[in-house]
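What follows is a set of notes on a single structure, which appears directly below.
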Amino acid sequence: MNFKGICKRRTVNMMNVRKVPLIIFLTCLTLFFSMFTLYMTMFNHGPPSEILEANRQIVLKPKNDVDLSLNGDELDEDEEVSESVESAKRWQKFVDDNKYVAIGDVYNSCDDKDRITLGKAILLPNEETGGLKVRTFINITLEKPLTEGEFLVDVKYNGKDLYDNHWEFCTIDENQEVKQVFCPYKPGFYTWATDKKIPKFIPKGKYHTRAWLNGDDGKLLTCGLTTFVL
């Protein structure tokens, strides 16, 4: 039987075979450079020193609409200074004396009018990760016990909504290696300093955050507002 007509012989083009590994290599190389370009454009924040200097140049208008200058003329003895103004100046002096890069404030209210400054948010190098972290200083007097509470956060990226969430305050860091919240808190005066790492994977741009703490009765205790660039 003649199988020649049944099984036709196929000729393999060796030039095409040789081209396959080259095509795969060029495709992988293109993908690599595309990913590298995306990383450098969107996610490479640069050295912490450059980011700190960029944020140092941002001039934020005082949220209390007060003059924070500490070098102005002395007030007359009869001229009263509101607690809003005094607290803002006191915390600004703290920042200036320590040469910190401040990126926000903590208040006793989220409303602009006559609110009292309770603390500052500053940007610091993170020695452990080589990146950055935000350290928040707060001086607060609790009128009632704090045994639960609720912590809420809202983040905007380049003016657009990015992220929001809420947690029970007293269990917010129960799965963290380093605890910073130690409930319950009895009524009294407290000084808090908490650190929050800035993830390296978030894109470059301008961020606005609002974070506020409600007490057990739902009443607002603190409101923190920050603005920073990466």
Side-chain angles (χ1 to χ4, degrees), residues 55-56 58-70 72 75 79-96 100-123 134-170 172-173 180-181 183-196 198 205-229:
N55 282 276
R56 192 185 297 275
I58 296 178
V59 179
L60 294 176
K61 181 181 179 182
K63 299 297 188 302
N64 287 23
D65 293 327
V66 298
D67 179 14
L68 297 184
S69 174
L70 299 174
L75 295 173
E79 187 175 349
E80 294 185 1
V81 179
S82 69
E83 189 175 357
S84 175
V85 173
E86 277 293 342
S87 62
K89 287 189 174 184
R90 200 161 47 239
W91 278 104
Q92 187 60 45
K93 185 177 186 303
F94 167 75
V95 169
D96 294 341
Y100 284 141
V101 178
I103 59 172
D105 301 273
V106 182
Y107 303 102
N108 67 335
S109 170
C110 288
D111 298 328
D112 288 342
K113 187 177 180 180
D114 296 329
R115 59 189 175 189
I116 297 170
T117 304
L118 302 178
K120 281 282 186 181
I122 64 170
L123 200 60
V134 177
R135 176 168 294 170
T136 305
F137 296 96
I138 303 176
N139 288 345
I140 185 173
T141 299
L142 297 177
E143 303 294 339
K144 298 179 181 179
L146 181 59
T147 61
E148 295 178 356
E150 183 181 26
F151 184 76
L152 305 93
V153 64
D154 177 72
V155 182
K156 294 184 183 298
Y157 169 67
N158 289 338
K160 298 180 179 179
D161 293 335
L162 176 66
Y163 175 79
D164 64 86
N165 209 337
H166 64 98
W167 303 266
E168 183 180 324
F169 176 68
C170 286
I172 194 171
D173 62 358
Q180 301 182 85
V181 177
C183 291
Y185 291 96
K186 298 179 180 179
F189 176 79
Y190 293 92
T191 296
W192 292 337
T194 61
D195 287 350
K196 181 65 178 178
I198 295 181
K206 192 171 188 177
Y207 291 84
H208 296 275
T209 71
R210 181 176 66 146
W212 64 104
L213 171 63
N214 294 333
D216 294 359
D217 56 0
K219 182 179 178 181
L220 187 141
L221 297 176
T222 67
C223 179
L225 304 173
T226 65
T227 298
F228 62 93
V229 294

How far does [atom1] of [X] sit from [atom2] of [Y], to the nearest 0.5 angstrom?
X	Y	atom1	atom2	value
Leu221	Leu213	CG	CG	5.0 Å
Tyr107	Leu118	OH	CG	10.0 Å
Leu142	Thr222	CG	OG1	9.5 Å
Tyr163	Asp154	OH	CG	11.0 Å
Asn55	Lys206	CG	NZ	10.0 Å
Trp91	Tyr100	CH2	OH	10.0 Å

[X] and [Y]: which non-hydrogen atoms are nearest, and at how many Å?
X	Y	value
Asn108	Ile116	OD1-N, 2.8 Å
Glu148	Phe169	O-CB, 3.3 Å
Asp105	Thr117	OD1-CG2, 4.3 Å
Pro187	Lys144	CG-C, 3.8 Å
Ala121	Thr226	CB-CG2, 3.7 Å
Asp195	Gln180	N-OE1, 2.7 Å

Test item: Asn158 side-chain N/O and Gly205 main-chain N/O as donor-acceptor pair under 3.5 Å
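No; zero donor-acceptor contacts below 3.5 Å.
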With a 4.5 Å cut-off on side-chain heavy atoms, are [Y] and [X] touching?
X	Y	result
Tyr157	Val155	no
Phe151	Val181	no
Lys156	Arg210	no
Thr136	Lys196	no
Val101	Phe228	no
Ile122	Ile103	no

Would you please name every residue forming a side-chain hydrogen bond (donor to acceptor under 3.5 Å, both in side chains) with Asn139, sequence neighbours left out?
Thr191
Check whether more than 12 heavy atoms from other residues, nucleotides or ligands sit under 6.0 Å from atom CD of Glu168, and answer yes or no.
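Count over threshold, so yes.
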Using the side-chain contact (heavy atoms from CB on, under 4.5 Å) rule, take Phe137 and Val106 through it: C-alpha gap first, then chi angles, then the decisive distance, then the call.
CA-CA 8 Å; Phe137 296 96; Val106 182; over 6 Å; no
Quick one: list whatever passes side chain to side chain contact (heavy atoms under 4.5 Å, CB included) with Asn214, sequence neighbours left out.
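If we apply the side chain to side chain contact (heavy atoms under 4.5 Å, CB included) test to Asn214, skipping adjacent residues, the hits are Glu150, Leu152, Trp212, Leu220.
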